[in-house]
Amino acid sequence: MLQQTPVVRVIPRLEAWLARWPTPAALAAVPSGEAVRAWDRLGYPRRALNLHAAAVTITERHGGVVPHDVGELLALPGVGDYTARAIAVFAYGHRHPVVDTNVRRVIARAIDARAEPGPPSSRRDLAAMEAILPPDVEESTVANAAIMELGAVVCTARAPRCEDCPIRDLCAWRAAGYPEYLGARQPVQKKFEGSDRQVRGLILRELRASDVPVTRSEIDTVWPDAAQRERALLGLLTDGLVTGSVADGYQLPG
DNA sequence: GAGTCGTGGAA
DNA sequence: TTTCCAAGACT
């Protein structure tokens, strides 16, 4: 849920989710479409599908227990470098570098004296975090959490609160006089308004709201551009977020 | 490595 | 209003 999604938006959804499905086995026992429906408007609904698939794998192959091993975690659908290590470290207390967008920003500033991190590279980013991670296991766990939290609360992307920063006296960016970001800024994100992503969201919204298959003509009402509708629906079918056909109608997956 | 994939709150 | 961007993953 936390992937590319603000923490404050995740917390209430997580609590409701865990109240309904307290264990991987509980989630694995329902159709994947129920996970997509419960995901509601949290965004990136393939995460719901992946989470359900991961629950099935955990139930069938790991005895219902989320694995400790980073390699086994990485093998789960939707679990990448960040999530695998976050679980191993914060749930199980193992020693691994955990690198999210906050950590990348703190390292860029405090260590590299740059206003912003460069493009993500798991190899480089993990190595950079490993280099400053305490050797002691328990200290490393605290350090992972602390650096991430520092980036989320103090060393923020827009208006960093440097005067309140606990490591301001050893921050390389501060020592260098807060140099501006060098080089061409990579384009943030393609415009959402009018995008295929928006159409996908609108189609999925229809399917979530219905307990019976939705007809093609009903889907046709959500967006004026037919070609774009077709593209979005095909994409949803390909991703497994939607099942069905023109003849049977479309619905969330079983 | 570059593109794609949702949503919504804050500046 | 527009832009930014948020505990990323996958192709």
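Chain letters run A, B, ... following the sequence lines, proteins first, then strands; residues in each count from 1.
- With rounding to whole Å, A:Lys191 atom NZ is found 17 Å from B:dG6 atom C1'.
- Across all their heavy atoms, A:Ala88 and A:His96 have their closest contact at CB-CD2, 3.8 Å.
- For the pair A:Leu233 CG and B:dC5 P, the interatomic distance rounds to 14 Å; values are reported in whole Å.
- Residue A:Gln4 contributes atom CD, which lies 14 Å from atom C1' of B:dG8 at whole-angstrom precision.
- Interface limits on DNA chain C: the 5'-most and 3'-most nucleotides within less than 4.0 Å of chain A heavy atoms are C:dC4 to C:dC10.
- Residue-level contact check: A:Asn50 touches neither bases nor backbone, having no heavy atom under 4.0 Å from any strand.
- Within 4.0 Å (heavy atoms only), A:Leu204 reaches no atom of the nucleic acid at all.
- In terms of heavy atoms, A:Arg47 sits closest to A:Thr5 at NH1-OG1, 2.9 Å.
- Using a 4.5 Å heavy-atom threshold, the side chains of A:Glu72 and A:Val79 count as separate.
- Closest approach of A:Leu133 and A:Arg95 over heavy atoms only: O-NH2, 3.2 Å.
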Evaluate the criterion salt bridge (Lys or Arg N to Asp or Glu O under 4.0 Å) for residue pair A:Glu116 and A:Arg104; output intermediate values, then yes/no.
-> CA-CA 8 Å; A:Glu116 300 175 25; A:Arg104 283 170 30 74; over 6 Å; no
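- When heavy atoms are screened at a 4.0 angstrom cut-off, A:Val10 is found touching no nucleic acid atom at all.
- Residue contacts for A:Gln189: at a heavy-atom cut-off of 4.0 Å it reaches a base atom on one of the strands shown.
- Look at CE on A:Met1: it is 14 Å from C1' on B:dT7, rounded to the nearest Å.
- Using a 4.0 Å heavy-atom criterion, one finds that A:Thr101 contacts the sugar-phosphate atoms exclusively.
- When each of A:Val99 and A:Arg158 is assigned the nucleotide of DNA chain C with its nearest heavy atom, A:Arg158 is the one assigned upstream, toward the 5' end.
- Here, C:dT11 and B:dG1 have their C1' atoms 11 Å apart, quoted to the whole Å.
- Closest of all the heavy-atom pairs between A:Gly194 and A:Gln228 is O-NE2, 2.8 Å.
- Between A:Arg41 and the phosphate of B:dG8, there is a side-chain N or O to OP1/OP2 separation shorter than 4.0 Å.
- A gap of 24 Å separates the P atoms of B:dG3 and C:dA7, to the nearest Å.
- The interatomic distance linking A:Arg161 (CZ) with B:dA11 (C1') rounds to 16 Å, in whole Å.
- Residue A:Arg105 is classed as a sugar-phosphate contact, given heavy-atom separations below 4.0 Å to backbone atoms only.
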Look for any protein N or O under 3.5 Å of an N or O in nucleotides 1-4 of chain B and output each such pair with its distance, or none.
from, atom 1, to, atom 2, distance (Å)
B:dT4, OP2, A:Lys190, NZ, 2.7

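- At whole-Å resolution of the value, CH2 in A:Trp223 and P in B:dG6 are 14 Å apart.
- A:Gly80 comes within contact range of the sugar-phosphate backbone alone, with a heavy-atom separation under 4.0 Å but no base atom that close.
- Counting to the nearest Å, the C1' atom of B:dG6 and the CG atom of A:Leu236 are 11 Å from each other.
- A:Ala157 comes within contact range of the sugar-phosphate backbone alone, with a heavy-atom separation under 4.0 Å but no base atom that close.
- Annotation for A:Arg216: atom CZ counts as buried by contact number, over 12 foreign heavy atoms lying within 6.0 Å.
- Taking both residues in full, the closest heavy atoms of A:Val36 and A:Leu49 are given as CG2-CD1, 4.0 Å, listed atom of the first, atom of the second, then distance.
- Using a 4.5 Å cut-off on side-chain heavy atoms (C-beta onward), A:Ile219 and A:Thr215 make no contact.
- Each of A:Thr101, A:Val98, A:Val99 was compared with A:Tyr82 under the side chain to side chain contact (heavy atoms under 4.5 Å, CB included) criterion, and only A:Val98 meets it.
- Per the geometry, CZ belonging to A:Arg9 stands 5 Å off C1' belonging to B:dT7, to the nearest Å.
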